[in-house]
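Next up is a structure, given as structure tokens.
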Amino acid sequence: MPFARPSVWANIAVRLVVYTFAAVLIVSFQRGRRRARTAPTVLLTVIGPASLVVPAVLAMAAGQTVARALSDGGELGWAFIAVRLTHICCVVAASVLMFTTSANRYFAVDRHNWAIAVGADAR
């Protein structure tokens with residue numbers, strides 16, 4: 001029975017925390033909170049790719065080939081490499097786009113509107 005193992009419940013608990021945090025970030029983005037960009041920048045642009053790259057670098061340092069270090073070792077290893085590298089490029093691109101002029105304008109406008117709604121001086 002797969003749900004009888006404690007590792008399954010621990011995995012479910014970790015995912016619940018991660019998805020709850022992601023939902024809070026989504027709401028923060030929608031409300032235009034500038035601090036909402038900091039967490040994805042650190043988590044997705046630094047920690048996320050590091051979790052994909054560091055094991056591969058360690059495997060290559062141990063003598064494995066680049067293809068073997070980046071793949072899962074299965075029959076579709078090259079597809080796995082392509083997906084992994086595409087994922088890393090998309091995360092970096094999204095992180096850069098979070099700080100473009102239009103994104104800055106979005107966060108500034110929403111913060112200004114919020115200040116007006118609560119009656120604060122929005123100068």
Side-chain angles (χ1 to χ4, degrees):
M1 180 178 246
F3 288 111
R5 293 183 295 188
S7 63
V8 171
W9 290 109
N11 201 349
I12 290 171
V14 168
R15 289 175 191 271
L16 180 65
V17 169
V18 168
Y19 290 134
T20 301
F21 183 69
V24 169
L25 281 176
I26 290 167
V27 171
S28 295
F29 268 120
Q30 181 191 21
R31 292 183 178 171
R33 300 213 172 122
R34 295 179 68 95
R35 292 174 297 194
R37 294 189 285 181
T38 305
T41 300
V42 171
L43 295 172
L44 298 177
T45 309
V46 177
I47 297 172
S51 70
L52 296 173
V53 173
V54 170
V57 169
L58 292 175
M60 286 185 282
Q64 289 187 4
T65 65
V66 173
R68 180 79 175 148
L70 290 175
S71 73
D72 66 344
E75 291 179 19
L76 300 174
W78 287 102
F80 191 84
I81 292 170
V83 169
R84 178 175 277 187
L85 293 177
T86 302
H87 176 174
I88 292 170
C89 291
C90 288
V91 166
V92 171
S95 297
V96 168
L97 291 173
M98 279 193 304
F99 293 95
T100 61
T101 304
S102 61
N104 290 338
R105 195 174 317 119
Y106 168 78
F107 283 98
V109 167
D110 278 356
R111 196 172 73 234
H112 176 75
N113 289 338
W114 177 81
I116 292 171
V118 295
D121 187 12
R123 278 187 261 162

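These values consider heavy atoms only, across backbone and side chains, with no hydrogens, waters or symmetry-generated copies.
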With hydrophobic residues grouped by side-chain heavy-atom distances under 4.5 Å, do Val27 and Phe21 end up in a single group?
->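 Per the 4.5 Å side-chain linkage, Val27 and Phe21 are not co-clustered.
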Mind listing the closest non-hydrogen atom pair of Arg37 and Met98 along with its distance?
->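 Looking at all heavy atoms of both residues, the shortest contact is NH1-O, 2.6 Å.
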Which pairs would a plain distance check flag for residues 10-20, meaning a side-chain donor or acceptor within less than 3.5 Å of a matching protein atom at least two apart in sequence or in another chain?
unit_1, atom_1, unit_2, atom_2, d
Asn11, OD1, Arg15, NE, 3.1
Thr20, OG1, Leu16, O, 2.7

Work out which heavy atom in Phe99 is nearest to a heavy atom in Asn104; give both atom names and the distance.
->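 Closest pair (atom of Phe99, atom of Asn104, distance): O-ND2, 3.6 Å.
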Table please: side-chain donor-acceptor pairs of residues 49-60 below 3.5 Å, with sequence neighbours left out.
unit_1, atom_1, unit_2, atom_2, d
Ser51, OG, Gly48, O, 2.6

State yes or no: do Ile26 and Val24 share one hydrophobic cluster built from I, L, V, M, F, W and Y residues joined by side-chain heavy-atom distances below 4.5 Å, directly or via other members?
->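 Ile26 does not cluster with Val24.
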Which atom of Leu97 lies closest to which atom of Ala103, heavy atoms considered =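 Reported closest heavy-atom pair: O-CB, 3.6 Å.
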How would you list, by chain and number, every residue that makes a side chain to side chain contact (heavy atoms under 4.5 Å, CB included) with Ser102, sequence neighbours excluded?
->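 Applying side chain to side chain contact (heavy atoms under 4.5 Å, CB included) to Ser102 gives Thr100, Arg105.
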Would you kindly confirm whether Val83 and Val91 end up in one hydrophobic cluster when ILVMFWY residues are joined by side chain heavy atoms under 4.5 Å apart?
->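 No.
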